[in-house]
Amino acid sequence: MKQNRRIRGVVLTLKGWDKLQTSITQAELTENAQNGFTLEELSSRMALSLHTISRIQGRLEPVDKSSLQSAFAAFGLELCNHDYTRPSPPDDLEVRHACPEYDWTEAPDVSVFCGRSLELVQLRQWVLEERCRLVALLGIGGIGKSTLAVNLGLQVQAEFEVVVWRSLQNAPPVEENLTSILQFLLWALRLDIVIPESFDGKLSKLMECLQSNRCLLILDNVETILSSGGQAGQCRPGYEGYGQLLKRVGEVPHQSCVLLTSREKPKEITLLEGERTGVKSLPLKGLNPTEGQELFLQKEEFTGMKLEQGALIFEDICDLLECQFQRLSVVEEEVMYWLAINREPVSFAELAEDMVTSASKRLVPSAIKSLLQRSLIEKNDEYFFLQPVVMEYTAQRLVEQVFQELVGEKSVHLHLFQTHALIKATAKNYIRETQKQLIVQPLLEKLLLEIGSQQKLVVLLQDVLSQQKHQAPILAGYVGGNVLNLLKHLQVNLQEYDFSNLTIRQADLQRINSAGVNFQNTAFDKSLFATSLKSIFSLALSPDGKLLATGDLDGQMLWDVETGECIKTLKVDRLYEGMNIRGVTGLTAAQRSALLALGAVEGMG
């Protein structure tokens, strides 16, 4: 019975899919402030289940004709005969394997697929309408590049004479891979031709096939043949032939398409891509929350009874990210850690300012360019940032690496503890608190567990501090500031501590009793001190007790009672002029109340 119901179903044709997707995109532009509709919004509008909408958009599983009519009507469209068709039963990947023109033998299972409708539209436009010769799908490991490539291939395969999928996961030699591809192409095209023995001969024969016939060649996991370290996108020694293959496919006119997936952008793509070159690249971003929830529901992995499986999935993601970290240069790693510490988008200049050595400062632009090619960082205007999953993994990796430096053998060189601030005293208050929670606190917990007591940990930090007295300021870097911040977090009494002749960077000295602390010849850089106030004539608390208003000869200041941070300053020419705050904008009700309370007691002695 199930099979009969499946055969009676229909799927959208390519024209029908384009028709519906175009209307959805137009509605998003005019009705939804250019934001994509979530699956829930589409479900409500079409009066269809989330699963049915996924099947309609995927075009891999048939649905009732009435469901298509509802989907079309929701966007003012009429379902015509040419908009849908009956699939050839059964329309699944296993049968595709047996089709003589389509070689999907190495392709992954795509039974679970959510979202990516806009990406599919863009890719289909490049492949079918613009007839691009070379297209790259780029993104971090696990983001869904392979799944998207399979779904695209299954959607457009009817437009090609031959489709070949090849995985480069095990980094096969280029000549071996070319031979395998040619064997299938020549067999599928019924060409009785001997495959040349030389690499140049095989490459020339492949180009003949791509020029004479409409073929789709998909190369998955291209990053495996790229070098680790050095220039991003460079082929590994012995795999330069793949670079020649991509260069030839991108430069020479032909009627086929080579689609590749990679965590890094090959340099051949970088050099060739452009509006009119027939070479394109599409960086993949993460799914939106709704699509992510739908994916988890389909996988049935994140129910309350299966948290352990969910944890395993995130472990897999960490493994993928660790593989990419192993490919980074020292400066690229430094940039990744600084982006995780800053936690907000930062500019070139801000990143360079964080670096302690002039060599690292000079290499920031090239490191950023490389990390963008490796799909590890993202760019918004002139600012750079990490996706949340990458940020959390990078912060955890920073904690682990610093831990190993501090508890390792005496001969182990302090690197990250010297080049990176665990807390940025100059950061916004909420960023600084997050740095404490996600970097400082986990690090101290690991250290206490390993060393055994806070007393022993304090001795260790004192030893680290003593060693830095013999280092040049530039070599000491952030060590002094890091030690001071860790001791403060441990609530250690710093009386009689010796910080003399040190450079202290990014230290948070607020609410530290510095009496008896030796800061002789200490150079402070980008550190936060307790605020020194002039004579205060009056003060008042807001009704909720969270804000403190103070008045002195310069005006009024508004303080956060919990953090001690000054959050508003009102300058005046004379003391009493500050009492009229009606014309002051940007104040919350609590802030206005605190200042009004200050005005009520001002001048009362």
Side-chain angles (χ1 to χ4, degrees), residues 333-344 346 350 354-356 386 388 390-408 412 414-465 467-468 476-494 497 499 502-514 517 524-530 560 562-565:
E333 277 196 21
E334 286 188 19
V335 171
M336 289 292 292
Y337 290 131
W338 272 119
L339 288 173
I341 292 168
N342 282 296
R343 304 195 69 79
E344 286 187 323
V346 294
E350 290 171 305
D354 286 334
M355 302 288 184
V356 293
L386 302 177
V390 181
M391 183 186 298
E392 299 316 311
Y393 172 76
T394 305
Q396 291 176 17
R397 196 177 195 273
L398 172 65
V399 169
E400 180 61 31
Q401 296 296 315
V402 171
F403 167 75
Q404 295 295 338
E405 290 180 4
L406 292 174
V407 301
V412 175
L414 292 180
H415 175 59
L416 294 178
F417 197 69
Q418 175 257 327
T419 57
H420 291 74
L422 304 180
I423 297 175
K424 289 189 70 172
T426 54
K428 298 173 184 176
N429 183 60
Y430 70 92
I431 295 291
R432 197 164 60 247
E433 290 303 314
T434 303
Q435 291 165 348
K436 293 176 183 177
Q437 293 173 13
L438 299 183
I439 298 176
V440 172
Q441 186 62 32
L443 174 62
L444 288 176
E445 289 175 356
K446 288 175 68 70
L447 289 170
L448 287 169
L449 189 63
E450 176 71 18
I451 296 174
S453 71
Q454 178 167 318
Q455 183 179 1
K456 292 180 180 179
L457 175 55
V458 169
V459 171
L460 171 64
L461 294 176
Q462 288 175 325
D463 289 343
V464 169
L465 202 61
Q467 294 172 19
Q468 299 311 304
Y478 291 95
V479 171
N482 283 334
V483 170
L484 199 154
N485 287 330
L486 290 176
L487 291 172
K488 176 186 175 183
H489 200 80
L490 290 170
Q491 298 182 343
V492 174
N493 184 352
L494 298 180
Y497 268 68
F499 291 93
L502 286 173
T503 297
I504 305 293
R505 292 183 171 92
Q506 293 289 0
D508 183 2
L509 298 167
Q510 295 182 109
R511 295 184 297 283
I512 282 184
N513 183 4
S514 58
V517 183
F524 289 95
D525 182 25
K526 297 181 177 64
S527 295
L528 198 61
F529 297 89
D560 185 308
E562 181 179 353
T563 65
E565 182 180 15

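All values below come from the heavy atoms of this structure, side chains included, with hydrogens, waters and symmetry mates left out.
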Main-chain N/O of [Y] paired with [X] side-chain donor or acceptor, under 3.5 Å:
{"X": "Gln454", "Y": "Leu490", "value": "yes"}
{"X": "Glu405", "Y": "Phe417", "value": "yes"}
{"X": "Lys488", "Y": "Gln510", "value": "yes"}
{"X": "Gln506", "Y": "Gly481", "value": "no"}
{"X": "Arg505", "Y": "Tyr478", "value": "no"}
{"X": "Asn482", "Y": "His420", "value": "yes"}
{"X": "Asn485", "Y": "Asp508", "value": "yes"}

How far apart are the closest heavy atoms of [X] and [Y], and which atoms are they?
{"X": "Ala340", "Y": "Ala395", "value": "CB-N, 4.0 Å"}
{"X": "Leu438", "Y": "Pro442", "value": "O-CG, 3.5 Å"}
{"X": "Ala507", "Y": "Ala425", "value": "O-CB, 3.4 Å"}
{"X": "Ile439", "Y": "Ile341", "value": "CD1-CG1, 4.1 Å"}

In Å, rounded to the nearest 0.5 Å, how long is the span from [atom1] of [X] to [atom2] of [Y]?
{"X": "Lys428", "Y": "Glu344", "atom1": "NZ", "atom2": "CD", "value": "4.0 Å"}
{"X": "Lys526", "Y": "Thr426", "atom1": "NZ", "atom2": "OG1", "value": "7.5 Å"}
{"X": "Gln435", "Y": "Tyr430", "atom1": "CD", "atom2": "OH", "value": "11.0 Å"}
{"X": "Leu339", "Y": "Thr394", "atom1": "CG", "atom2": "OG1", "value": "8.5 Å"}

So [Y] and [X], do their side chains get closer than 4.5 Å, heavy atoms only?
{"X": "Lys424", "Y": "Asp354", "value": "yes"}
{"X": "Tyr393", "Y": "Met336", "value": "no"}
{"X": "Leu502", "Y": "Leu465", "value": "yes"}

ask   = Is the shortest side-chain N to carboxylate O distance from Lys436 to Glu433 below 4.0 Å?
value = yes
ask   = Which is it for Gln404 and Lys446 under the side chain to side chain contact (heavy atoms under 4.5 Å, CB included) test, yes or no, and what are the steps along the way?
value = CA-CA 10 Å; Gln404 295 295 338; Lys446 288 175 68 70; over 6 Å; no
inquiry  = Looking only at the side chains, is there a donor atom on one of Gln441 and Glu445 sitting less than 3.5 Å from an acceptor on the other?
reply    = yes
